[in-house]
Amino acid sequence: MENIKSYLSKAVRQVISELYGSEAVPQSIDWQLTRKEFEGDLTLVVFPYTRYSKKSPEATGAEIGEKLLSEVISDFNVVKGFLNLKIADTQLLQDFNSLFSADSLVEKLEQPVGVMVEYSSPNTNKPLHLGHVRNCLLGWAVGNIQQAVGNRVTRVQIINDRGIHICKSMLAWQRFGNGETPESTGMKGDHLVGKYYVIFDQAYRKEIAELKDQGLSEEQAKDEAPLMVAAREMLKQWENGDAEVFQLWEMMNEWVYAGFNETYQRMGVSFDKNYYESDTYKLGKSLVDVGISKDIFQRDSDGSVWIDLTDIGLDRKLLLRRDGTSVYMTQDMGTAVQRFEDYDIDRLIYTVGNEQDYHFQVLFAILKKMGYQWADGLFHLSYGMVDLPSGKMKSREGNVVDADDLITAMELGAQEMTESLGKADGMEPTERTDLYRQIGLGALKYFILKVDPKKRMTFNPEESIDLQGNTGPFIQYTYARIQSLLRKAGEIKSLEISSEILHEERELIKQILRYSEVVHHAARENSPALIANYTFDLVKMYNGYYQNHSILRNDDASVTAWRLRLSSLVARIIRDALALLGIESPNKM
RNA sequence: GGUCCCGUAGCUCAGCUGGAUAGAGCAACUGACUUCUAAUCAGUAGGUCACAGGUUCGAAUCCUGUCGGGAUCACCA
């Protein structure tokens, strides 16, 4: 479709210039798809030209349309100020055929760039939850989409493996753990460590309550509770390289990593490189000196260092504490610089929730002020929180949806549904479990990815298991049915292909030809939702077609051959699009 | 209080850089399985695009304000 549009844009410029003179020629011409209720495929809005033509919109449209008739444009009509053009069947078929035999369904960028995508970025004191799931799925899909348009993609996570939160788990394990391990308990490592984080919190709160009874203020109690004092002490020991603490830290982190990796694997996401905060937390301090020497940062009389961003509508922000230690912002500055040194990249996408919008606004502003050329290539892929029907997820209230539990529940839901429909009756046991996995995850991923990332979303476990309507399994099902057709067709493929096309087939071809531009659009916007919505539309169209026109049972072999060809390209696009979303396409379901 | 994001059908969401009578799915109601997989399809019903102004040939979309929801503004991470 893109080639038709660019041909037409050129033609329209030419025509406008001929008719109304060169100053009437617009910079760019935006085409829109003709609405269903009108005849035509592409529509040019002619209102902008009436001031040059000095004629009515209808007359203007008609005289432009007249001159556009060609092998590409077979017909036109004008309704009010809208010039509707009909693309010639031969042109559509030609484009269809060239896409059919193309290596890639998506056109590659002429000038690809290097893109690093950061996602997940967990803390190591508790297991992954629903929020991480949205994060991972988004980051993974965005990476796929960037890759699809031809960019080089590096996927990374930064693991927050140090700090007071880890020490809390460590301390609780030391005090109350009785030497429990993932092996001895059979628990996943991340869940085991998370358990001790909860234990710490409970014991800590008890201490706070006791201290408050003794007359201390809330703040004092929180600060002076023996457990908190001990945790802070442990953090200090860790920073001083205390062997015993370090060993405990390493051991428990290893448990967590094993657990995370299992979850990542089930989700189907992976990373090219892990950054660890324990390696990077000291980065950025040297940048502070540079900034001071350039007079971008200021040192206060107490020794703390600040940047003043009030000139661009932001605040004054701390970069170095009075005692010379760095803050999150400083680390992130250092890490960004490091990444552009480590890799040949032009862009860096941070997949992080929208509660950190301000943080990234400031981070990017600072790096820009410091004069880094690449600062314009930084992008915060900000996404909204995931709520439950009962409201907000709060770890305090224990209504956090655990990622592992969620995946299991989705697989079970898929299994129940599949069994009750008898869809897997003839399958081998391993084939079945694989199918349940594919469907369950397909439902989960699609449910989350179909929503615009920046929107806050409600996750309803029951609805997400739904397999009807705008869902992953609905799309997978269409793919499976086409595969079944292609299997059955086997030998009856005729070399002769009918060239008559039905209205529904025209509509399908047009949708198919849009795929590449949709992927490019999704890449520009970093929005997998665009691909999800496109695919749903394609599938809806195809299902209507499938239901109303017999593909195999047909008197004319050449018609069957054409319909199979059309179906198989639809299937390839479904599979390609779902793969971009990280969703598998089962051959049977 | 400052800044940012969101507000579209009962529910969950589309609506591209402004374009024609605002679209899907779910739920509700009608129909279609001796026929390529009915996890499907065809149809009915459902709207003051939060509200009020403004910009213009034309606004759900852009601007301003109001209301509602959320986030953020720590020498926490």
Side-chain angles (χ1 to χ4, degrees), chain A residues 28 30 32-38 43 45 47-48 50-51 57 79-82 84 123 160 162-166 277 281 300 302-306 313-315 317-328 331 353-359 361-362 382 384-385 387 389 392 414 417-418 420-421 423 439 447 450-452 454-460 463-464 466-471 473-478 480-489 517-518 521 524-525 529-530 532-534 536-537 540 543-554 560 563-564 567 588-589:
Chain A
S28 69
D30 55 318
Q32 40 189 302
L33 304 178
T34 304
R35 298 184 63 122
K36 277 193 192 71
E37 53 271 38
F38 300 98
T43 294
V45 180
F47 292 111
T50 51
R51 50 187 284 233
V79 180
K80 293 196 267 179
F82 300 89
N84 303 318
N123 289 352
N160 294 307
R162 51 137 255 136
I164 192 74
H165 49 294
I166 319 299
E277 207 202 330
Y281 81 108
D300 252 23
D302 66 357
S304 57
V305 177
W306 299 75
L314 303 173
D315 293 317
K317 191 85 194 168
L318 180 86
L319 296 176
L320 227 49
R321 296 191 187 99
R322 195 170 22 180
D323 62 5
T325 55
S326 59
V327 291
Y328 219 49
Q331 288 176 41
N354 63 7
E355 69 269 18
Q356 294 201 38
D357 283 355
Y358 184 72
H359 174 81
Q361 223 182 321
V362 171
S382 163
M385 311 230 97
D387 291 321
K392 230 173 136 168
M417 188 57 76
T418 307
S420 75
L421 291 172
K423 293 280 185 180
I439 296 174
F447 189 88
K450 74 176 175 188
V451 181
D452 181 353
K454 65 172 182 281
K455 284 195 175 169
R456 191 186 185 97
M457 69 177 290
T458 307
F459 183 85
N460 186 327
E463 271 178 34
S464 66
D466 211 330
L467 313 174
Q468 287 162 8
N470 192 357
T471 66
F474 171 87
I475 294 168
Q476 290 173 316
Y477 178 67
T478 301
R481 283 207 301 199
I482 297 176
Q483 293 313 300
S484 170
L485 280 181
L486 296 174
R487 279 193 300 272
K488 292 219 164 91
E517 8 174 337
V518 169
H521 187 197
R524 276 195 308 278
E525 304 279 324
L530 296 175
N533 289 317
Y534 162 86
F536 177 61
D537 287 339
K540 243 188 323 177
N543 283 345
Y545 173 64
Y546 175 95
Q547 200 80 19
N548 293 313
H549 300 282
S550 188
I551 289 163
L552 295 178
R553 298 181 179 275
N554 207 297
T560 294
R563 292 181 180 180
L564 281 171
S567 300
K588 294 179 196 168
M589 68 183 274

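In what follows, chains carry the letters A, B, and so on, assigned in the order in which the sequence lines appear, proteins first and then strands, with residues in each chain numbered from 1.
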Are [X] and the base of [N] stacked, counting only ring centres nearer than 5.5 Å and planes tilted under 30°?
| X | N | answer |
| --- | --- | --- |
| A/Y328 | B/rA77 | yes |
| A/F474 | B/rA39 | no |
| A/F536 | B/rA24 | no |
| A/Y358 | B/rA71 | no |

Below 3.5 Å is the cut-off: list the nitrogen or oxygen pairs between protein and nucleotides 12-16 of chain B, distance only.
residue	atom	partner	partner atom	Å
B/rC13	OP1	A/T458	N	3.2
B/rA14	OP1	A/D452	N	2.7
B/rA14	OP2	A/K455	NZ	2.8
B/rC16	O2'	A/H521	NE2	3.4

Interatomic distance at [atom1], [N] relative to [M], whole Å:
| N | M | atom1 | result |
| --- | --- | --- | --- |
| B/rC6 | B/rA14 | P | 11 Å |
| B/rU3 | B/rU56 | P | 27 Å |
| B/rA24 | B/rG18 | C1' | 23 Å |
| B/rA9 | B/rA28 | C1' | 13 Å |

All salt bridge (Lys or Arg N to Asp or Glu O under 4.0 Å) counterparts of A/D315, not counting sequence neighbours
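Listed in chain order: nothing, the list is empty.
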Quick one: list whatever passes salt bridge (Lys or Arg N to Asp or Glu O under 4.0 Å) with A/R35, sequence neighbours left out.
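A/R35 satisfies salt bridge (Lys or Arg N to Asp or Glu O under 4.0 Å) with A/E37 once adjacent residues are dropped.
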Would you indicate, yes or no, if B/rA74 has its OP1 or OP2 atom less than 4.0 angstrom from a side-chain nitrogen or oxygen of A/R321?
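For A/R321, the contact criterion (side-chain N or O under 4.0 Å from OP1 or OP2 of B/rA74) is not met.
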Per A/Y477 side chain, nearest of listed nucleotides B/rC75, B/rA39, B/rG19:
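My answer, after comparing the listed nucleotides, is B/rA39.
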Enumerate, in order of first residue number, the stems that involve RNA chain B, defined as 3 or more consecutive Watson-Crick or G-U wobble pairs with both distances under 3.5 Å.
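Detected stem regions: B:1-7 with B:67-73, B:10-13 with B:23-26, B:28-32 with B:40-44, B:50-54 with B:62-66.
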Under the rule for ring-ring contact (aromatic ring centres under 6.0 Å, His included), what residues qualify as partners of A/F536, not counting sequence neighbours?
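For A/F536, the residues satisfying ring-ring contact (aromatic ring centres under 6.0 Å, His included) (neighbours in sequence not counted) are A/F474.
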Partners of A/F459 by ring-ring contact (aromatic ring centres under 6.0 Å, His included), sequence neighbours excluded?
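ring-ring contact (aromatic ring centres under 6.0 Å, His included) check on A/F459 returns A/F447.
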Using a strict cut-off of less than 4.0 Å between a Lys/Arg side-chain nitrogen and an Asp/Glu carboxylate oxygen, indicate whether A/D452 and A/K454 qualify as a salt bridge.
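Looking at A/K454 together with A/D452, the answer is yes, because their closest N to O distance falls below 4.0 Å.
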Could you check whether A/S382 and A/D357, counting side-chain N and O atoms only, form a donor-acceptor pair closer than 3.5 Å?
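Side chains of A/D357 and A/S382: pair found under 3.5 Å.
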Write down the distance between CG (A/N354) and C1' (B/rC4), rounded to a whole number of angstrom.
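These atoms are roughly 9 Å apart.
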Evaluate the side-chain proximity of A/I439 to A/T418: yes if any heavy-atom separation is below 4.5 Å, no if none is.
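Yes, at least one pair of side-chain atoms sits under 4.5 Å.
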